[in-house]
Amino acid sequence: MPDAARHNPRPEYIRGLLAYSGLTQAAAAARIGVTSRTMRQWLGRGNVTCSIPYSAQFCLECLA
């Protein structure tokens, strides 16, 4: 059940969800409808880091 109070935008948490899901970054990005570049930014890789929105975090949690 979605609960925005559980928002955890830390890149470590998002990496853990990816690892648990068994999906690559590119595959997870495609499944939730974002680009691989956006996924890299959420994970703190590349030149820009941005916070993952809760809706995307929830999608990754469902995949995991």
Side-chain angles (χ1 to χ4, degrees):
M1 184 62 117
D3 181 2
R6 295 180 30 190
H7 187 213
N8 184 353
R10 291 184 7 247
E12 299 82 21
Y13 180 67
I14 304 308
R15 283 189 204 104
L17 291 174
L18 287 174
Y20 193 76
S21 73
L23 296 171
T24 65
Q25 290 178 26
R31 295 281 281 297
I32 67 171
V34 300
T35 65
S36 293
R37 180 179 178 184
T38 297
M39 183 65 74
R40 283 192 308 272
Q41 289 173 341
W42 290 340
L43 294 170
R45 296 186 176 143
N47 297 332
V48 178
T49 302
C50 61
S51 181
I52 187 171
Y54 177 70
S55 56
Q57 173 190 318
F58 182 73
C59 289
L60 289 175
E61 289 170 342
C62 289
L63 291 173

Notebook entry, point to check: Can Trp42 and Cys50 be said to form a side-chain contact (heavy atoms from CB on, under 4.5 Å), step by step?
Noted result: CA-CA 5 Å; Trp42 290 340; Cys50 61; 3.5 Å; yes
Checklist line | Heavy-atom side-chain proximity of Ile52 to Leu60 below 4.5 angstrom | finding: yes
Next item on the list: Mind jotting down which residue pairs meet the side chain to side chain donor-acceptor pair (under 3.5 Å) criterion with at least one end in residues 52-64? Sequence neighbours excluded, please.
Entry: Tyr13-Glu61, Gln57-Glu61
Margin query: Quick check: do Glu12 and Leu43 have side-chain heavy atoms less than 4.5 Å from each other?
Written below: no
Notebook entry, point to check: Among the clusters formed by ILVMFWY side chains lying less than 4.5 Å apart, do Val34 and Leu17 turn up in the same one?
Noted result: yes
Item checked: side-chain hydrogen bond (donor to acceptor under 3.5 Å, both in side chains) against Thr38, all qualifying residues, sequence neighbours excluded -> Thr35
Note to self: Going by salt bridge (charged side-chain N to carboxylate O under 4.0 Å, His left out), name the residues that satisfy it together with Arg31, two or more places apart in sequence or in a different chain.
What the structure shows: none
Notebook entry, point to check: In terms of hydrophobic clusters joined by side-chain contacts under 4.5 Å, are Ile14 and Leu23 together?
Noted result: yes
Check: For Thr24, which residues count as a side-chain hydrogen bond (donor to acceptor under 3.5 Å, both in side chains) partner, sequence neighbours excluded?
Finding: none
Notebook entry, point to check: Out of curiosity, Gln25 CD to Arg15 CZ, how far, rounded to the nearest 0.5 Å?
Noted result: 8.0 Å
Next item on the list: Take Leu18 and Leu63, measure what side-chain contact (heavy atoms from CB on, under 4.5 Å) needs, and give me the verdict at the end.
Entry: CA-CA 8 Å; Leu18 287 174; Leu63 291 173; over 6 Å; no
Notebook entry, point to check: Which heavy atom of His7 sits nearest a heavy atom of Ser51, and at what distance?
Noted result: CE1-OG, 4.3 Å
Checklist line | Residues clustered with Met1, ILVMFWY side-chain links under 4.5 angstrom | finding: none
Margin query: Connecting only ILVMFWY residues whose side-chain heavy atoms lie within less than 4.5 Å of each other, what is the rest of Tyr20's hydrophobic cluster?
Written below: none
